Peer 1: 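Take this structure, written in structure tokens, and hold onto it; I'll ask about it next.
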Amino acid sequence: MTQPKVETEIEPVTQDILDEAQELSRGAEILPEGPTGLARKIQSARKAGRVLRVKLGVDPTSTDLHLGHAVVFRKLRRFQEFGHQIVLIIGGFTAQIGDPSGRNSTRPPLTREQVDANAETYLNQMGIILDMSKTEVVNNADWLSPMTLNDVLKLASLVTVNQLLAKEAFGDRLEKQLPIGLHELFYPLAQGYDSVAIKADVELGGTDQRFNILQGRELQPHYGLEQQLALLLPLLEGTDGIQKMSKSYNNYIGLKDAPDDMFGKCMRIPDELILKYFELTTTLSGAEIDQIKSALELGGNPKDAKEELARQVVMQYHGESFADRALEEWKRVHSQRLAPEEMPLQVVKAPMQLFRLILEAKLASSSSEAKRLVQEGGVRLDGQQAKDPNFEVGVPGADGMVLQVGRRKFVKLVGA
């Protein structure tokens with residue numbers, strides 16, 4: 001006789017956990033089941049008397065970090081503030097393979113020494129955002145390097161080549177008949193195995209990491225582990241508002257930028273990115289960001305919102321006093337049209353044509369650019385617009401002279 005099927009009743013999630021999951025989910029896509037899936041994960045861990053293990057893997061392939069990198073670090077910090085365990089995986093092994101995501105060519109391999117040196121600078125900069133005393137830092141070379149060929153073949157047997165070639169980067173290169181290194185196919189497997197090694201509950205990454213993170217989710221059941229959730233964050237556009245933030249596109253805001261430079265770069269972002277930047281680059285709560293959104297929708301001045309955004313960003317990396325000073329300096333130069341209090345010095349030893357002086361002060365890259373800047377009205381001497389690129393500038397007196405090119409470049413001209 002067939003036994004009646006017993007429906008398993010799903011335990012309702014408490015409101016405090018739902019609120020926590022909702023806050024942690026802001027600005028992110030969570031797979032599967034969205035914030036509800038995260039809430040269930042939190043409740044399950046709490047019933048077991050533990051916190052979530054939240055993973056981020058970082059391949060230290062360069063030395064400097066920018067606000068685009070910091071998006072995932074900010075989200076990690078939120079998990080930390082809710083008491084969860086952050087596990088930061090330095091890709092000592094995977095960085096030597098190179099992540100093929102978003103690439104149309106094979107990455108050049110890095111040496112272990114290069115990876116170690118880059119990792120040290122990464123950790124120093126991450127410490128600005130994360131509480132490193134509560135962060136578990138591990139290196140995937142510790143478990144991937146000792147693998148035998150038998151271990152690798154066992155891991156490889158868990159997926160098919162068809163599955164791996166479904167990765168967008170591989171598909172694009174196949175379509176264009178560009179080469180794919182055999183070792184690159186192992187990258188998603190290696191990153192996925194990291195989730196097995198540290199028993200991850202949640203893995204964070206950009207939307208370009210979707211395939212790699214889901215690969216970890218696929219591998220975990222084969223090793224007797226519960227599947228992790230994928231928390232995907234959007235890639236941050238740079239100051240041009242078009243390309244993703246990158247040093248290659250010269251549209252980045254570096255974590256080590258000086259306060260005034262950082263403030264000025266934030267003010268260059270398009271108005272339509274203001275809320276996204278508040279969401280992804282600041283420590284403001286969801287409720288505070290909603291208030292800024294409402295103010296803008298009611299006709300608030302985007303410039304005011306952008307100034308507050310810039311102040312918040314500078315405050316995170318340099319402190320409140322530097323942020324307030326950067327705001328005052330910005331208003332002084334851009335609102336009151338005054339010269340900054342501090343600027344580089346350029347010694348003028350003899351009278352010189354204006355375009356040559358601009359070139360010597362490194363405010364233009366060529367004589368033709370310097371002349372064009374003057375002809376377009378972008379050059380001022382002591383606040384007065386200059387019109388003739390061949391105008392002869394004399395040796396400044398005791399008070400010096402201010403040379404301004406564009407809105408943000410100032411040089412104090414002084415006599416020899």
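Note that the structure is a prediction, hence the values are computed from the model and not measured.
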Peer 1: From S195 OG over to Q215 CD, what is the distance, rounded to the nearest 0.5 angstrom?
Peer 2: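 If we round to the nearest 0.5 Å, S195:OG and Q215:CD are 10.0 Å apart.
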Peer 1: Any non-hydrogen side-chain atom of Q316 less than 4.5 Å from a side-chain atom of T282?
Peer 2: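 Yes, side chains in contact.
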Peer 1: I'd like to know if the side chain of S44 reaches the main chain of R40, judged simply by a donor and an acceptor atom lying under 3.5 Å from each other, with no hydrogens or angles considered.
Peer 2: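 Here the side-chain-to-backbone pair does not exist.
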Peer 1: Hey, does Y277 have a side-chain heavy atom less than 4.5 Å from the side chain of V313?
Peer 2: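 No; the side chains remain at least 4.5 Å from each other.
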Peer 1: With the side chain counted from C-beta on, respond yes when T135 and L76 share a heavy-atom pair under 4.5 Å apart, and no when they do not.
Peer 2: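 Contact flag for T135/L76 side chains = no.
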Peer 1: Is it true that atom NZ of K256 has more than 12 heavy atoms of other residues, nucleotides or ligands lying nearer than 6.0 Å?
Peer 2: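 Count over threshold, so yes.
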Peer 1: Hey, could you give me the CD1/CD distance between I358 and E360, rounded to the nearest 0.5 Å?
Peer 2: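 I358 CD1 to E360 CD: 11.5 Å, rounded to 0.5 Å.
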Peer 1: Taking the six-membered ring of Y223 as reference, does the cationic atom of K199 (NZ for Lys, CZ for Arg) lie under 6.0 Å from its centre and within 45° of its axis?
Peer 2: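 K199 over Y223 ring: no.
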Peer 1: So, E329 and R325, do they make that salt bridge, N to O below 4.0 Å?
Peer 2: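 No salt bridge links E329 with R325.
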Peer 1: What are the two closest non-hydrogen atoms of V137 and L123, and how far apart are they?
Peer 2: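 Where V137 meets L123 most closely, the heavy atoms are CG1-CD2, 4.2 Å.
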Peer 1: Could you walk me through whether L255 and L67 satisfy the side chain to side chain contact (heavy atoms under 4.5 Å, CB included) test, starting with their C-alpha distance in whole Å, then the side-chain angles of each, then the deciding distance to 0.1 Å, before giving a yes or no?
Peer 2: CA-CA 7 Å; L255 301 192; L67 288 188; 3.9 Å; yes
Peer 1: Any side-chain heavy atom of R53 within less than 4.5 Å of one from E136?
Peer 2: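 A side-chain contact exists here, since the closest heavy-atom pair is under 4.5 Å.
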Peer 1: Ignoring hydrogens and angles, state whether a donor on the side chain of Q191 or E203 is under 3.5 Å from an acceptor on the partner side chain.
Peer 2: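 Side-chain D/A pair, Q191 to E203: present.
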Peer 1: Output yes when a side-chain donor or acceptor of Q43 lies under 3.5 Å from a complementary backbone atom of T14, and no otherwise.
Peer 2: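 It does hold such a pair.
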Peer 1: Just how far is it from atom OG of S25 to atom NZ of K75, taken to the nearest 0.5 Å?
Peer 2: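 S25 OG to K75 NZ: 7.0 Å, rounded to 0.5 Å.
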Peer 1: Are there over 12 heavy-atom neighbours, none belonging to F322, within less than 6.0 Å of that residue's CZ?
Peer 2: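 For F322, atom CZ is not crowded (no more than 12 foreign heavy atoms under 6.0 Å).
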Peer 1: Which residues pass the side chain to side chain donor-acceptor pair (under 3.5 Å) test with N251, sequence neighbours left out?
Peer 2: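 Per chain and number, N251 pairs via side chain to side chain donor-acceptor pair (under 3.5 Å) with D240.
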Peer 1: E184 side chain to I180 main-chain N or O, any donor-acceptor pair under 3.5 Å?
Peer 2: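 The answer is no, because no donor-acceptor pair under 3.5 Å joins these two groups.
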Peer 1: Please name the pair of heavy atoms, one in A230 and one in L214, separated by the smallest distance, quoted to 0.1 Å.
Peer 2: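 Minimum heavy-atom contact is CB-CD2, 4.2 Å.
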Peer 1: Flag the pair V13 / T36 as yes when at least one side-chain heavy-atom distance between them is below 4.5 Å, and no otherwise.
Peer 2: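 No, their side chains stay 4.5 Å or more apart.
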Peer 1: Can you tell me how far apart CG (N139) and OG (S145) are? Round to the nearest 0.5 Å.
Peer 2: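 These two atoms lie 8.0 Å from each other.
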Peer 1: Could you walk me through whether E307 and K303 pass the salt bridge (charged side-chain N to carboxylate O under 4.0 Å, His left out) test, one step at a time?
Peer 2: CA-CA 6 Å; E307 286 178 346; K303 182 177 76 70; 3.3 Å; yes
Peer 1: Any chance you could measure F410, atom CZ, to Q404, atom CD, to the nearest 0.5 Å?
Peer 2: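 Taking CZ in F410 and CD in Q404, the distance rounds to 3.5 Å.
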Peer 1: Do the side chains of E218 and V159 get nearer than 4.5 Å, heavy atoms only?
Peer 2: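 The answer is no, as the side chains (C-beta and beyond) never meet within the 4.5 Å cut-off.
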Peer 1: Distance alone, cut at 3.5 Å: any donor-acceptor contact between the side chains of E120 and N124?
Peer 2: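 No, no side-chain donor-acceptor pair sits under 3.5 Å.
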Peer 1: Identify the residue among R217, K55, R50 that makes a salt bridge (Lys or Arg N to Asp or Glu O under 4.0 Å) with D201.
Peer 2: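 Of the listed options, the one satisfying the test is R50.
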Peer 1: A quick test of your reading: do over 12 heavy atoms of other residues, nucleotides or ligands sit less than 6.0 Å from NZ of K154?
Peer 2: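 Open: at most 12 neighbouring heavy atoms sit under 6.0 Å from NZ of K154.
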Peer 1: Is atom CG of N301 surrounded by more than 12 heavy atoms (other residues, nucleotides or ligands) closer than 6.0 Å?
Peer 2: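 More than 12 within 6.0 Å, yes.
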Peer 1: Say whether E288 and S285, considering side chains only, have a donor N or O and an acceptor N or O under 3.5 Å apart.
Peer 2: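 Distance-only check passes for E288 and S285.
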Peer 1: Against L24, only a single residue in I30, D19, L38, L231 fulfils side chain to side chain contact (heavy atoms under 4.5 Å, CB included); can you say which?
Peer 2: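 Among I30, D19, L38, L231, the one meeting side chain to side chain contact (heavy atoms under 4.5 Å, CB included) with L24 is L38.
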Peer 1: Examine the side chains of T148 and N150 and answer whether a donor and an acceptor come within less than 3.5 Å of each other.
Peer 2: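 The criterion, which ignores hydrogens and geometry beyond distance, is not satisfied for N150 and T148.
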Peer 1: With side chains defined as the heavy atoms from C-beta onward, is the minimum distance between L155 and D151 less than 4.5 Å?
Peer 2: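 No, too far: nothing below the 4.5 Å cut-off.
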Peer 1: With side-chain hydrogen bond (donor to acceptor under 3.5 Å, both in side chains) as the test, pick out the partner of D194 among N212, T94, N140.
Peer 2: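 Option passing the side-chain hydrogen bond (donor to acceptor under 3.5 Å, both in side chains) with D194: N140.
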Peer 1: If we only count heavy atoms from C-beta on, is the F73 to L56 side-chain gap below 4.5 Å?
Peer 2: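 They are in contact (side-chain heavy atoms under 4.5 Å apart), so the answer is yes.
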Peer 1: State plainly whether the residues E81 and R78 are in salt-bridge range, i.e. N to O under 4.0 Å.
Peer 2: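 Salt bridge flag = yes for R78 with E81.
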Peer 1: Quick one: does any side-chain atom of Q291 pair with a main-chain N or O of A287 as donor and acceptor, under 3.5 Å?
Peer 2: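 A pair under 3.5 Å: no.
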Peer 1: Tell me the closest heavy-atom pair linking P259 and V314, and the distance in Å.
Peer 2: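 Scanning both residues, the minimum pair turns out to be O-CG2, 3.7 Å.
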Peer 1: For L229 and P32, which heavy atoms make the closest approach, and how far apart are they?
Peer 2: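 The answer is CD2-CD, 3.6 Å.
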Peer 1: Do D59 and Y187 get their side chains close enough for a donor-acceptor pair, meaning under 3.5 Å?
Peer 2: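 Their side chains do contain a donor-acceptor pair, which is all the 3.5 Å distance test asks for.
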Peer 1: Roughly how far apart are L52 CG and I42 CD1, rounded to 0.5 Å?
Peer 2: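 Going from CG on L52 over to CD1 on I42, the span is 5.5 Å.
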Peer 1: What heavy-atom pair brings L225 and V196 nearest, and what distance separates the two atoms?
Peer 2: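 That closest heavy-atom pairing would be CD1-O, 3.5 Å.
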Peer 1: Please determine whether a side-chain nitrogen of the Lys or Arg among R332 and E328 lies less than 4.0 Å from a carboxylate oxygen of the Asp or Glu.
Peer 2: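 No salt bridge links R332 with E328.
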Peer 1: Applying side chain to side chain contact (heavy atoms under 4.5 Å, CB included) to I269 and L309, what does each step give before you reach the verdict?
Peer 2: CA-CA 10 Å; I269 69 167; L309 168 68; 3.6 Å; yes
Peer 1: For a quick test of reading the model, state the closest non-hydrogen atom pair linking A39 to I17 and the distance between them.
Peer 2: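 Of all heavy-atom pairs spanning A39 and I17, the closest is O-CG2, 3.3 Å.
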